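Here's the structure, in structure tokens; my notes come after.
For this chain, numbers begin at 1 and follow the sequence in order. Only heavy atoms go into these numbers, but all of them, side chains included; no hydrogens, no water, no symmetry mates. Treat the numbers as computed from the prediction; the structure is a model and nothing was measured.
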Amino acid sequence: RIHPQQVHSRAEMAARVHDSRAADHLSNLFELPVLFYAGCILIYLTGISDSLFLALAWLFVAFRFAQAVVHLTFNHVMTRLAFFTLGLLTFAVFWTKLIIDLVA
């Protein structure tokens with residue numbers, strides 16, 4: 001119902017679109033998850049995969065999924081932050097292990 005030219009900038013979109021959760025969530029998918037995808041590709045290319053990497057990867061995906069559900073439904077900020085923090089910690093362990101395995 002909104003002509004694309006009416007929302008040619010973020011400011012215009014914010015003024016016209018009252019619920020931007022889906023757009024905000026899509027923007028979030030191009031932040032931390034991109035580094036996760038790069039790590040997964042690096043693990044695949046170097047062949048250093050093990051069960052801990054697999055568990056950490058699925059745990060990260062689960063936390064991101066839970067964060068997405070909260071963000072796109074009732075959007076309670078502290079609940080969303082808790083899932084984000086758990087995902088971030090999982091991500092940090094994932095990358096720390098990846099760096100150690102690559103150096104070793």
Side-chain atoms of residues 89-96: list all donor-acceptor pairs with protein atoms under 3.5 Å, sequence neighbours left out, distances to 0.1 Å.
from	atom 1	to	atom 2	distance (Å)
T90	OG1	L86	O	2.8
W95	NE1	L35	O	3.4
T96	OG1	A92	O	2.7

- [ ] Tell me, with the steps shown, if F84 and R64 meet side-chain contact (heavy atoms from CB on, under 4.5 Å).
- [x] CA-CA 7 Å; F84 174 79; R64 289 298 296 190; 4.1 Å; yes
Task: In one Ile/Leu/Val/Met/Phe/Trp/Tyr side-chain cluster, 4.5 Å: F60, I100 - done: no
- [ ] Determine whether W58 and V69 fall in the same hydrophobic cluster, where Ile, Leu, Val, Met, Phe, Trp and Tyr are linked whenever their side-chain heavy atoms lie under 4.5 Å apart.
- [x] no
- [ ] List the steps and the verdict of side-chain contact (heavy atoms from CB on, under 4.5 Å) for F36 and V61.
- [x] CA-CA 10 Å; F36 171 72; V61 169; 4.1 Å; yes
- [ ] Answer yes if L32 and I99 sit in the same cluster of Ile, Leu, Val, Met, Phe, Trp and Tyr residues linked by side chain heavy atoms under 4.5 Å apart, and no otherwise.
- [x] yes
Please set out all donor-acceptor pairs under 3.5 angstrom arising from side-chain atoms of residues 38-53, sequence neighbours excluded.
from	atom 1	to	atom 2	distance (Å)
T46	OG1	L42	O	2.8
T46	OG1	I43	O	3.4
D50	OD1	L52	N	3.1
D50	OD1	F53	N	2.9
D50	OD2	K97	NZ	3.0

TODO: Report yes or no: do Y37 and L102 belong to one cluster of Ile/Leu/Val/Met/Phe/Trp/Tyr joined by side chain heavy-atom distances under 4.5 Å?
DONE: yes
Task: Euclidean distance, T79 OG1 relative to H71 NE2, rounded to 0.5 Å - done: 12.5 Å
- [ ] Taking all non-hydrogen atoms of both residues into account, name the closest pair between V70 and H76 and its distance.
- [x] CG1-O, 3.7 Å
TODO: Output the distance between atom CD (Q67) and atom OG1 (T85), rounded to the nearest 0.5 Å.
DONE: 9.0 Å
TODO: Give, for atom CG of N75 and atom OG1 of T73, the distance between the pair rounded to the nearest 0.5 Å.
DONE: 7.5 Å
